[in-house]
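Starting from 1, each residue takes its place in the sequence as its number.
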Amino acid sequence: MSSIANSIFTPETAARFDKLASIYPVKRSALVPMLLYAQDEIGYVSNAAVAEIAERLDLLELDVRNVLSYYSMLRTAPVGKYNVQVCTNISCMLRGGFELLDHCKKTLHIGHKETTADGLFSLEEVECIGACCWAPAVQVNYDFHEDLTPAKMDAVLEDYRAGRGKDVK
């Protein structure tokens, strides 16, 4: 049973948080998974989520915000249904990451950290998604797409637009 009255999360997520806080020897270790689950439920990590997670883990909100600001997969503002993260770190850069980012900007008619008018896609340049062996790579929500070219990227975007993306359920 949750120790938090009036949780902003669903009872299922609150129960998941309670379990996470109990399985690690140090409660703080549950921070990143909690932030990811909060983001999955709300769409981003809101100020209210930061406050509740800090309370659950006996941390300062600043401790939570420090971790939140470190990881590019964690968002503090709403994004489109599909968040397209284009890696431009060294391996991706050498194999066309910036060209892929420019192609996405032109195709989606949005810039870095912007969302299409229909709310379907957001675009973000990220430092590294850990897919160096398959560069250039893009992450759409939790799915990786690698060894991309502009033509392959068009196909990826079209699949999501048509509801055929990897993580479309």
Side-chain angles (χ1 to χ4, degrees), residues 9 13 16-17 20 24 28-50 53 59 61-169:
F9 299 103
T13 300
R16 182 182 249 179
F17 285 174
L20 279 170
Y24 291 101
R28 180 188 190 102
S29 301
L31 179 55
V32 171
M34 281 188 183
L35 290 169
L36 286 168
Y37 292 136
Q39 181 172 276
D40 286 346
E41 183 171 309
I42 300 170
Y44 67 103
V45 182
S46 67
N47 289 334
V50 168
I53 290 170
L59 297 172
E61 288 185 31
L62 180 61
D63 295 328
V64 176
R65 290 186 194 287
N66 285 339
V67 171
L68 178 60
S69 66
Y70 180 78
Y71 292 103
S72 64
M73 77 259 195
L74 296 169
R75 301 180 298 270
T76 58
V79 295
K81 181 176 182 181
Y82 302 112
N83 190 37
V84 178
Q85 296 182 309
V86 180
C87 179
T88 56
N89 205 332
I90 189 73
S91 295
C92 289
M93 177 188 70
L94 292 172
R95 299 215 50 225
F98 281 114
E99 291 79 8
L100 205 55
L101 178 64
D102 289 340
H103 181 76
C104 288
K105 287 178 179 175
K106 194 178 306 180
T107 300
L108 297 173
H109 306 288
I110 56 175
H112 173 62
K113 295 210 175 212
E114 293 181 351
T115 301
T116 55
D118 61 3
L120 195 58
F121 294 103
S122 292
L123 181 63
E124 186 177 5
E125 177 184 0
V126 294
E127 189 60 28
C128 183
I129 60 173
C132 299
C133 293
W134 308 281
V138 167
Q139 185 173 355
V140 181
N141 296 349
Y142 289 117
D143 296 323
F144 287 90
H145 301 274
E146 62 269 349
D147 195 24
L148 291 169
T149 63
K152 288 179 181 178
M153 189 68 221
D154 287 343
V156 167
L157 294 173
E158 186 52 39
D159 280 346
Y160 283 98
R161 191 174 283 116
R164 296 185 308 258
K166 284 172 129 181
D167 70 345
V168 174
K169 295 170 180 73

Those residues at least two apart in sequence (or on a different chain) that pass side-chain hydrogen bond (donor to acceptor under 3.5 Å, both in side chains) with Glu158 are Arg161
The side-chain hydrogen bond (donor to acceptor under 3.5 Å, both in side chains) partners of Asp102 (sequence neighbours excluded) come to none
Would you indicate whether the side-chain heavy atoms of [Y] and [X] approach each other to under 4.5 Å?
X      : Y     : result
Tyr24  : Leu31 : no
Leu157 : Val84 : yes
Val50  : Leu68 : yes
Met73  : Leu36 : yes

Which class fits the ring pair Phe9 and Phe17: parallel under 30°, tilted 30 to 60°, perpendicular over 60°? perpendicular
Ignoring hydrogens and geometry beyond distance, is a side-chain donor-acceptor pair present between Asp40 and Tyr142 at under 3.5 Å?
yes
Across all chains, not counting sequence neighbours, the salt bridge (Lys or Arg N to Asp or Glu O under 4.0 Å) partners of Lys105 are none
Tyr37 meets the ring-ring contact (aromatic ring centres under 6.0 Å, His included) criterion, sequence neighbours left out, with none
For the residue pair [X] and [Y], what are the closest heavy atoms and their distance?
X      : Y      : value
Ile42  : Ala49  : CD1-CB, 4.1 Å
Ala77  : Tyr44  : O-CB, 3.4 Å
Phe121 : Asp118 : N-OD1, 4.4 Å

Is the count of non-hydrogen atoms from other residues, nucleotides or ligands lying under 6.0 Å from Arg16 atom CZ greater than 12?
no
Inter-residue atom distance [X].[atom1] - [Y].[atom2], 0.5 Å rounding:
X      : Y      : atom1 : atom2 : result
Glu114 : Thr116 : CD    : OG1   : 10.5 Å
Tyr160 : His145 : OH    : NE2   : 3.0 Å
Gln139 : Phe144 : CD    : CZ    : 4.0 Å
Asn47  : Thr76  : CG    : OG1   : 8.5 Å
His112 : Leu123 : NE2   : CG    : 8.5 Å

Considering only distance and modelled atom types, tabulate donor-acceptor pairs under 3.5 Å from the side chains of residues 147-154, sequence neighbours left out.
residue: Thr149; atom: OG1; partner: Ala151; partner atom: N; Å: 3.4
residue: Thr149; atom: OG1; partner: Lys152; partner atom: N; Å: 3.1
residue: Lys152; atom: NZ; partner: Asp147; partner atom: O; Å: 3.0
residue: Asp154; atom: OD1; partner: His103; partner atom: NE2; Å: 2.6
residue: Asp154; atom: OD2; partner: His103; partner atom: NE2; Å: 3.4

Closer than 3.5 angstrom, by distance alone: can the side chain of Ser122 be matched with the main-chain N or O of Asn83 as a donor-acceptor pair?
no
Please table the atom pairs, donor to acceptor, closer than 3.5 Å between any side-chain atom in residues 85-101 and protein atoms at least two apart or in another chain.
residue: Gln85; atom: NE2; partner: Ser72; partner atom: O; Å: 3.1
residue: Gln85; atom: NE2; partner: Glu124; partner atom: OE1; Å: 3.2
residue: Thr88; atom: OG1; partner: Glu125; partner atom: OE2; Å: 2.6
residue: Asn89; atom: ND2; partner: Glu127; partner atom: O; Å: 2.9
residue: Arg95; atom: NH1; partner: Ala135; partner atom: O; Å: 2.4

